[in-house]
Amino acid sequence: MAKKIILHVNGEKHQLLVPVHQTLLTVLRDSLGLTGAKRGCDRGECGACTILLDGDPVLSCLILAVEADGAQIETIEGLAGGDSIHPLQEAFINFGAVQCGFCTPGMILAAKALLEKNLKPSENDIRKGLSGNLCRCSGYAKIIEAVKFASQGWTRSKENGKRV
Amino acid sequence: MRDRFQYLEPSSLDETISILAGYGRKSEVLAGGTDLLVRIKKGLGIPEYLINIKRIHELNSISFDTRRGLVLGALVRLSDLESSEVVQNYFPSLADASGQVGSPQIRNRATVGGNICQTIRCLFYHQSSYWRKSLAPCIKLGGRICNWKVDSKVCTAPLLSDVVPVLMALNSEVNVLGINGLESVSILDFSRSKRLSRVGKIVKEIRIPLLHPLSGTAFVKHRARRSIDYPVINAAATVRLDRGSYRCMEAKVVVGAVGPFPLQMQEIEEMLKGFQRQDANSVKEDLIQKIVKIVGPYCSGGLGDFLSPAYHAELAGVAAYRAIEHAFADAERRSSMT
């Protein structure tokens with residue numbers, strides 16, 4: 001059984017005919033070529049498939065594409081703006097928070113969602129906000145430092161009225 | 001997921017109930033999907049009809065008044081429960097428990113109705129069909145043996161919900177809607193109900209009565225890591241204090257994640273009557289050992305025999321004691337507010 005759905009992905013509208021059993025992860029990767037979201041465990045335990053659905057970080061491996069009909073979806077590919085990368089991406093690079101990079105797209109999106117909700121997160125808040133994203137390489141320390149640094153920049157931008 | 005099923009999206013409760021009554025055991029309700037989709041991917045009961053109920057917006061509300069208490073629609077997400085001011089103020093143990101389920105991403109989809117519908121969990125059962133090929137089918141799969149407790153003739157796997165023990169400690173009721181109308185059951189009876197009795201029905205809402213002003217609630221959870229993992233042990237406590245003396249008039253103490261349903265510690269609840277917080281503290285070891293003795297027969301060491309059964313039981317005792325202590329503290333904090 002297949003169904004016609006509309007997905008708004010990174011600001012672009014897509015009309016798709018998808019088999020009802022396909023997960024959002026599969027459709028993003030295979031139908032839309034957005035391979036930033038990763039198939040880590042495919043069962044909700046690693047967070048590598050994290051995307052933002054209507055602003056909330058969710059596991060795309062546990063959502064059927066048909067469930068996301070009409071939703072606003074942000075993937076890692078949508079973060080950079082043309083010629084410049086997002087402050088979170090820059091912080092991750094500068095702080096050495098990327099090793100193999102597999103967890104990184106999910107990690108950055110989870111961090112973005114955290115900072116949108118909490119402008120001045122404590123280290124504990126950051127740990128909790130990223131607690132659904134596993135990293136086998138880094139030991140998390142640099143990731144947390146990068147998010148902490150990005151949050152400071154975030155605050156300033158928000159205070160100036162500028163949206164990051 | 002290569003499995004084929006038909007997908008339906010009813011937009012009203014009436015439509016949903018007729019569909020469920022019609023398809024019966026061939027259908028499954030899809031709410032948050034964080035339990036069901038994992039089970040489908042592992043080949044543990046693939047439905048022929050998947051019914052997505054997320055378009056039934058009336059199931060999405062949190063309503064509270066100082067007469068009836070709290071009414072949670074089945075589709076209320078755990079992240080919404082965690083962040084709800086009303087729940088944090090009036091039922092902090094529920095906000096706390098909801099905020100410790102899974103991970104942030106899971107809580108953004110998982111629903112309270114779905115959480116209470118979860119069934120017992122075992123490491124030998126919750127595996128892919130490929131993995132399970134190496135073992136004979138167990139009792140839960142319709143076989144004749146238990147792959148976990150080899151001498152057991154019944155399935156004794158634990159119920160790993162964090163929300164159900166809290167709802168029990170809050171005297172909650174579940175309203176279940178079926179073709180014959182609305183039925184109200186206690187949360188314990190609901191969580192013990194068999195799959196067959198749930199066919200054709202959905203959870204409509206959960207009702208939590210208002211607590212007495214001098215009540216305190218608390219929840220404690222222990223797990224291997226501080227996120228994602230299921231509980232190895234959890235405990236929920238509610239105490240009601242007398243205004244003048246701060247003595248406990250009534251208590252509810254529930255230990256979860258040890259057996260197929262959460263255990264209400266009635267003996268401990270009786271003991272706590274008349275106690276002030278410091279009284280409970282002065283008999284701490286005695287309380288803990290009494291709890292250990294009660295939960296002992298159910299403690300097996302958690303998913304994957306992660307702990308020794310004896311340590312598992314000790315952990316249960318300590319967790320329940322901490323929940324009792326924090327519940328007293330919560331009640332005292334409230335009394336200083338009123």
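Note that the structure is predicted; figures quoted are calculated from it, not measured.
Between chain B and the options A/Thr50, A/Leu130, A/Ile63, A/Leu134, the largest number of non-hydrogen pairs under 4.5 Å is found for A/Ile63. With chain B as partner, the option from A/Leu114, A/Leu53, A/Asn133 having the largest number of non-hydrogen pairs under 4.5 angstrom is A/Asn133. When each of A/Arg127, A/Lys128, A/Glu67, A/Lys3 is checked for heavy-atom pairs under 4.5 Å with chain B, A/Glu67 comes out on top. Residue with the most contacts toward chain A among B/Leu30, B/Asn52, B/Leu50, B/Ile106: B/Leu30 (heavy-atom pairs, distance under 4.5 Å).
Interface remark: B/Arg39 contributes no atoms to any contact with chain A (heavy atom separation under 4.5 Å). In this structure, chain A has no heavy atom under 4.5 Å from any part of B/Leu36. For B/Arg225, the part lying under 4.5 angstrom from a heavy atom of chain A is the side chain only.
Applying the side-chain contact (heavy atoms from CB on, under 4.5 Å) test between B/Arg223 and each of B/Ile233, B/Leu160, B/Asn234, B/Asp229 identifies B/Asp229 as the sole match.
Atoms CZ and CG, on B/Arg55 and B/Leu8 in that order, are 10.5 Å from each other to the nearest 0.5 Å.
Among residues two or more places apart in sequence or in another chain, the side chain to side chain donor-acceptor pair (under 3.5 Å) test is passed with B/Ser79 by B/Asn108.
With hydrogens and angles disregarded, no donor-acceptor distance shorter than 3.5 Å links the side chain of A/Ser131 to the backbone of B/Ser227.
For the residue pair B/Thr119/B/Lys140, the side-chain donor-acceptor check at 3.5 Å is satisfied.
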